[in-house]
Amino acid sequence: MDDPIMVEVKNLHFARGNSEIFRGVDLKIPLGKITAIMGPSGTGKTTLLKLIGGQLVPDQGQILIDGQDVHQLSRRSLFKLRRRMGMLFQSGALFSDLDVFENVAFPLRVHTDLPNAMIRDIVLMKLQAVGLRGARHLMPSELSGGMARRVALARAVALDPDLVLYDEPFVGQDPISMGVLVQLIKKVNLALGLTAIVVSHDIKETLTIADYVYIIADGKVMAHGTPQTLDVNDDAHVKQFVHGEPDGPVPFHYPAPAFFDDILAPAGQLS
Amino acid sequence: MIDRIERLGRATLDVIGAIGRAGLFLVQSIFCLPSREGFYLWIRQMHFVGVMSVAIVLVSGVFIGMVLALQGFTILVEFGADEALGQMVALSLVRELAPVVAALLFAGRAGSALTAEIGLMKATEQLTSMEMIGVDPLRRIVAPRLWAGFVSLPILTVIFGVVGIWGGHLVGVDWLGVYDGSYWSNMQDSVDFVDDVLNGMVKSLVFGLVVTWIAVFQGYDLVPTSEGISRATTRTVVYASLAVLGLDFVLTALMFGDFG
């Protein structure tokens, strides 16, 4: 990867209680590209986004965004840096007391002094891009899951950020919404030239839009490369994940005593 | 044995940690610089926290005043002192019942609603998304609510006192036949503005801050699940009520306890 780097994660260690989530993760997110971070459920992909966004503090290691160490910044500087970032949450996380229009207008109202007429035009342009200009008067509770996520996408790019973080954008979507979101993420990335990090375990959809992929498992980067190189990777872990095989290095069964012994255990001994 | 000591130690550390977090939280949110937008947000919360609590305060105030007059009359009349009914009703309300009962009602109505609202915002990631947009939730969500509670409870207390005195008049004068003039003149003679009214106001300012602080902190600090929200809402009402009653004793002792 010779592209300029937007986000760099160096030797990241992070634990929650006794469970170690990251044990020395190194990542480089290239500028202006879509980078996917993939891995089985529970590997801490969302946690990684929260670490990048400065909401969690690592136990060890550094996260640099455009050369600035996120966790060394003051609260004020961190909030300033976040204005250059957009994040699409799994749930959409729309503000429930504001309608669709005001949700998208929110970042513009709090961070710019633009006149109302201009804010209106920008919001309508963003809503047009996600196909929901006609839904601008609806409240978040009146939207379907897919629509909420599209509004959240419009809000995430309202300030034309340099970096957008997508947290599981395809989870729980019907095929049509999924297709729409895949197209939108690609289109927004191309149109605005922004850097995108997509955290997901939907292999097919993610690989169609990603320029570069990291696969994380067991607290480490297991493999990385372009979608084409990962598709032909011989590593058992990578093969199991990329091809969706039910059993392999990641076992189908949760650790348990031998099935035979368990079945023949004395009656009344349930555990 | 060791296990118990360990558990006790852990619980103590948890409590100390929570007090520390709550203190930091208060300092960080109460000193947010006022802005034009912050003013609008505060006005909106004044409506939600204050105006919408007026109905319950009015109704409770009238009933408390009526009960006070009825109970007071039955005792005072035995000593032929029923003329002092106005004094008794006014002093009980202004010094004690208005600040305390208004604060308890406020904890139940506005406090629990604040906790549930902020908690739900946390559970649906609205607070996190606000942070990611570069807006500090302490400034935008917490500070207006904290200030709204701090300002609106003293006003509610005044309303409570006024309608309580009116309720007392309704029962004492209009029903039980205490002389109207003595009801008011005894009240005027005995209620001191600084000693009684201002001290009552000081109490309600303290209660306003403490109840709202507990409510917003419980909402902000809860475990973001449905069970977490329900527990935090209960905790708000319980802790806030106990804090009001405990602080009432301390403040009363400081204000009226000098018998030397």
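As the structure is a computational prediction, the values presented were derived from the model and not from experiment. Lettering follows sequence order; numbering is per chain, from 1.
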Please determine which of A:L153, A:V198, A:T206 meets the side-chain contact (heavy atoms from CB on, under 4.5 Å) test together with A:P169.
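Exactly one pass, corresponding to A:V198.
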Is it the side chain or the backbone of B:M121 that comes within 4.5 Å of chain A heavy atoms, both, or neither?
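Answer is neither: B:M121 stays 4.5 Å or more from chain A.
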For [X], which atoms come within 4.5 Å of any heavy atom of chain B: side chain, backbone, both, or neither?
| X | result |
| --- | --- |
| A:L88 | neither |
| A:R75 | side chain |
| A:M87 | side chain |
| A:R109 | neither |

Is it true that A:D66 and A:R84 have a side-chain N and a carboxylate O under 4.0 angstrom from each other?
yes
Any salt bridge between A:D160 and A:K126, counting N to O under 4.0 Å?
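A salt bridge links A:D160 with A:K126.
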Grab the two heavy atoms, one from A:G44 and one from A:F22, that are nearest each other, plus how far apart they are.
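Of all heavy-atom pairs spanning A:G44 and A:F22, the closest is O-CZ, 2.9 Å.
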Quick one: do the B:T124 and B:Q126 side chains pair a donor with an acceptor below 3.5 Å?
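Distance-only check passes for B:T124 and B:Q126.
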